[in-house]
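Chain identifiers are assigned alphabetically (A, B, ...) following the order of the sequence lines, protein sequences preceding nucleic acid strands; residue numbering begins at 1 within each chain.
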Amino acid sequence: MAAKDGNPKARDKGITPQGEDFSAWYNELVLKAELADRGPVKGTMVIRPYGYRMWELLQARLDQMFKETGHQNAYFPLLIPESYLKREAEHVEGFSPELAVVTHAGGKELEEPLVVRPTSETVIGEMFSRWISSHRDLPLLVNQWANVVRWELRPRLFLRTTEFLWQEGHTAHVDGADAMAETMRMLGIYVSFARDVAAIPVIEGEKTPGERFAGALRTFTIEAMMRDRRALQSATSHYMGDNFSRAFDITYANERNELVHCHTTSWGLSTRMLGAVIMAHGDDRGLVLPPGLAPHQVVIVPIGRGDERAAVDEAAARLATDMEARGVRAHVDGRDASPGFKFNDWELRGVPLRVELGPRDLASGQAVVVARLGAEGKQAVGLDSLAASVPDRLSAFHAALLERATSFGDEHTAAADDWDAFAAQVGEGFANALHCGRAECEDDIKAGTAATPRCVPSDGEPEEGTCVRCGLPSAYGKRLVFARSY
RNA sequence: CGGGAAGUAGCGCAGCUUGGUUAGCGCGCAGCGUUCGGGACGCUGAGGUCGCGGGUUCGAAUCCCGCCUUCCCGACCA
């Protein structure tokens, strides 16, 4: 009977509401849902089994998509000679502030320091130069699943950790056209992964020069809106031109036996995507997981005790087996805890569908089904048809989740044609506005509103006019998306 | 690195102002019993170098000095 409001003790069971403190909501949720924990070293993260299962599911789907488009997995070393980083001028400049460097090993100082990879363009570039000699070797399409280290100043679980897991694709091509096609193909894969697996609608587009990857000629991104209406860059795809192939001497002999530099790409998606899932779908009760990434798509909560319970358990096990036979990840929660506790617990963990099964249900040959989005309330479903209906229910759940996120994004996106409207809109969500393209003007906007250009959207309508900030003629030929971001 | 807050049991906190016996409370945890359709209850119990180092004092969680760490807000970023 503790006081409800203002009393921290009353919250032991729940989490801080999003509207009160989004950042507290996020941290408490990640910890309480047992997705991750903080490691002993600042900025490091332990991914716990429930969170790691999500990563595994993500990996399996993306990996399949990569292989279907002709890529092969490989693995390159964690340690890179420091000199490699320096071979591409912009690349070092971009990454040196956040490098972790090994200076001692084997009990003595190293002759050349080794950097712990912050990304692998350099080692892979070096290896590509040894492997590629003919146009017949191209394109070379490689991906690696790995950990990387970037000494971030302000870590945040999943969103920005000192060490994180990701996949980085690296490819080499005969020319710019082929490399650009690859860059866009992989961006497309990220878009469909986000939409079809994570149920997150994204805006795809190109980064402005100021937001480009260090060493890239063009950087493309997918940007998603979180429930606090801030943007999260969820994956990127880069066209390097011949920058890295010149730095690492990646050349091939063409059909006329002329030695030519390759054009390369790289593209990556990290554990940050799990942060996107948490923040794009979660609510005040906890996570809401898209079926594609949910460790348990259905949880069956058996209710009852004694002899009644034995019959319930048996029926629950049969139901789970039935569902699994249909490719559904089902779980029976047999813990010694009250039903109410389990309901809340699985809601916190975001399980899409919950099945309640008790003596009353058994007697009437049905079960109670509840979807985590909650719109339909509790629904009685006949036991003989339940398992068969689950795949459709999960698809419907995915569609509803995507629809909800899509309308949320639409509701909080608006065009802004003058500075006051712009400043107000980036406080509300995303603002579509014309910009002059000058870096100093971007900085000015950031200083004034904390908003940055997220991208030049691929599907934007052609439009010319004047910059929303400085009034100079607009660049890019269309509106940019601006938002405060993570 | 700038600005804020905080380090006391696994988690969340009180105690500190005005030093004083075995440092408390809630949740969680263990055992037993009763419970089980929206976060159950009773009884019993385990669990703490009070962040670290030094100082003041007969006596320090409490006062003084130094250090460390973490979290939040900003600059950097997937």
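Between D284(A) and R227(A), none of the side-chain N atoms (NZ, or NE/NH1/NH2) sits under 4.0 Å from a carboxylate O, so this pair counts as no salt bridge.
For the pair R156(A) and Y486(A), the NZ or CZ position fails the cation-pi test of under 6.0 Å to the six-membered ring centre and within 45 degrees of the ring normal.
Listed by chain and number, the residues in a salt bridge (Lys or Arg N to Asp or Glu O under 4.0 Å) with R393(A) amount to none (sequence neighbours excluded).
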Could you spell out the base pairing of RNA chain B as a dot-bracket line? Use Watson-Crick and G-U wobble contacts where both distances are under 3.5 Å, [ ] for crossing pairs, | for partners on a different strand. (((((((..((((......[...)))).((((((.....)))))).....(((((..]....))))))))))))....

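Going from atom CG of D37(A) over to atom C1' of rC71(B) covers 14 Å, rounded to whole Å. When rounded to the nearest whole Å, the span between CZ of R335(A) and P of rG39(B) equals 15 Å. The NZ atom of K32(A) sits 11 Å away from the C1' atom of rG28(B) (whole-angstrom rounding). Across the protein-nucleic acid pair, D443(A) atom CG and rG74(B) atom P stand 17 Å apart, rounded to whole Å. In this structure, the CZ atom of R48(A) is 12 Å from the P atom of rC11(B), given to the nearest Å. To the nearest angstrom, C1' of rC71(B) lies 12 Å from CG of L31(A).
Taking the P atom of each, rG55(B) and rC72(B) are spaced 36 Å apart, rounded to whole Å. If you take atom P in rG3(B) and the same atom in rG20(B), they sit 35 Å apart, rounded to whole Å. rU8(B) and rC50(B) have their C1' atoms separated by 4 Å, with the value rounded to a whole Å. On the C1' atoms, rA40(B) is 8 Å away from rC36(B), given to the nearest whole Å. rG74(B) and rC64(B) have their P atoms separated by 32 Å, with the value rounded to a whole Å. Between rG19(B) and rU57(B), the distance separating the two C1' atoms is 9 Å to the nearest Å. Nucleotides rC77(B) and rC65(B), compared at atom C1', are 39 Å apart to the nearest Å. Comparing the same atom, C1', in rG7(B) and in rG48(B) gives a spacing of 14 Å after rounding to whole Å.
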Please list each protein N or O that sits under 3.5 Å from an N or O in nucleotides 75-78 of chain B, with the distance.
{"residue": "rC76(B)", "atom": "OP2", "partner": "K446(A)", "partner atom": "NZ", "Å": "2.6"}
{"residue": "rC76(B)", "atom": "O2", "partner": "E152(A)", "partner atom": "OE1", "Å": "3.3"}
{"residue": "rC77(B)", "atom": "O2'", "partner": "E152(A)", "partner atom": "OE2", "Å": "3.0"}
{"residue": "rC77(B)", "atom": "O2", "partner": "R160(A)", "partner atom": "NE", "Å": "3.1"}
{"residue": "rC77(B)", "atom": "N3", "partner": "R160(A)", "partner atom": "NE", "Å": "3.1"}
{"residue": "rA78(B)", "atom": "O3'", "partner": "Q233(A)", "partner atom": "O", "Å": "3.4"}
{"residue": "rA78(B)", "atom": "O3'", "partner": "Q233(A)", "partner atom": "NE2", "Å": "2.7"}
{"residue": "rA78(B)", "atom": "O2'", "partner": "R272(A)", "partner atom": "NE", "Å": "3.0"}
{"residue": "rA78(B)", "atom": "O2'", "partner": "R272(A)", "partner atom": "NH1", "Å": "2.8"}
{"residue": "rA78(B)", "atom": "N6", "partner": "T161(A)", "partner atom": "N", "Å": "3.1"}
{"residue": "rA78(B)", "atom": "N6", "partner": "T161(A)", "partner atom": "O", "Å": "2.6"}
{"residue": "rA78(B)", "atom": "N1", "partner": "T161(A)", "partner atom": "N", "Å": "3.4"}
{"residue": "rA78(B)", "atom": "N3", "partner": "S270(A)", "partner atom": "OG", "Å": "3.0"}

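Considering CD of E442(A) and OG1 of T208(A), their distance stands at 3.5 Å, rounded to 0.5 Å.
For H435(A) and F482(A), the distance between ring centers is under 6.0 angstrom. Within the 6.0 Å centre-distance limit, the rings of W267(A) and F66(A) are counted as a close aromatic pair.
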Test salt bridge (Lys or Arg N to Asp or Glu O under 4.0 Å) on E347(A) and R285(A); report intermediate values, then the result. CA-CA 6 Å; E347(A) 279 167 6; R285(A) 299 165 105 176; 3.3 Å; yes

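Residue pairs meeting the ring pair (Phe, Tyr, Trp, His ring centres under 6.0 Å) criterion with at least one partner in residues 342-387 of chain A, sequence neighbours excluded, are H296(A)-W346(A), H331(A)-W346(A). The ring pair (Phe, Tyr, Trp, His ring centres under 6.0 Å) contacts involving residues 187-220 of chain A comprise H91(A)-F213(A), F95(A)-F213(A), F213(A)-H238(A), where partners must be two or more places apart or lie in separate chains.
Side-chain atoms of W145(A) and D63(A) form a donor-acceptor pair, as typed in the model, at a separation below 3.5 Å.
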Which nucleotides of nucleotides 33-38 of chain B have their base under 4.0 Å from a protein heavy atom (B), which only their sugar-phosphate (S), and which neither (-), written as one string 5' to 3'? --SBBB

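Residue contacts shown for K342(A) are absent, as no nucleic acid heavy atom lies under 4.0 Å away. Backbone-only contact: S23(A) has heavy atoms under 4.0 Å from sugar-phosphate atoms and none from a base.
Contact annotation: N27(A) reaches the phosphate of rC72(B) (side-chain N/O to OP1 or OP2, under 4.0 Å).
Scanning both residues, N143(A) and G169(A), for their nearest heavy atoms gives OD1-N, 3.5 Å.
For the pairing with R87(A), the salt bridge (Lys or Arg N to Asp or Glu O under 4.0 Å) check across E126(A), E121(A), E82(A) returns one residue only, E126(A).
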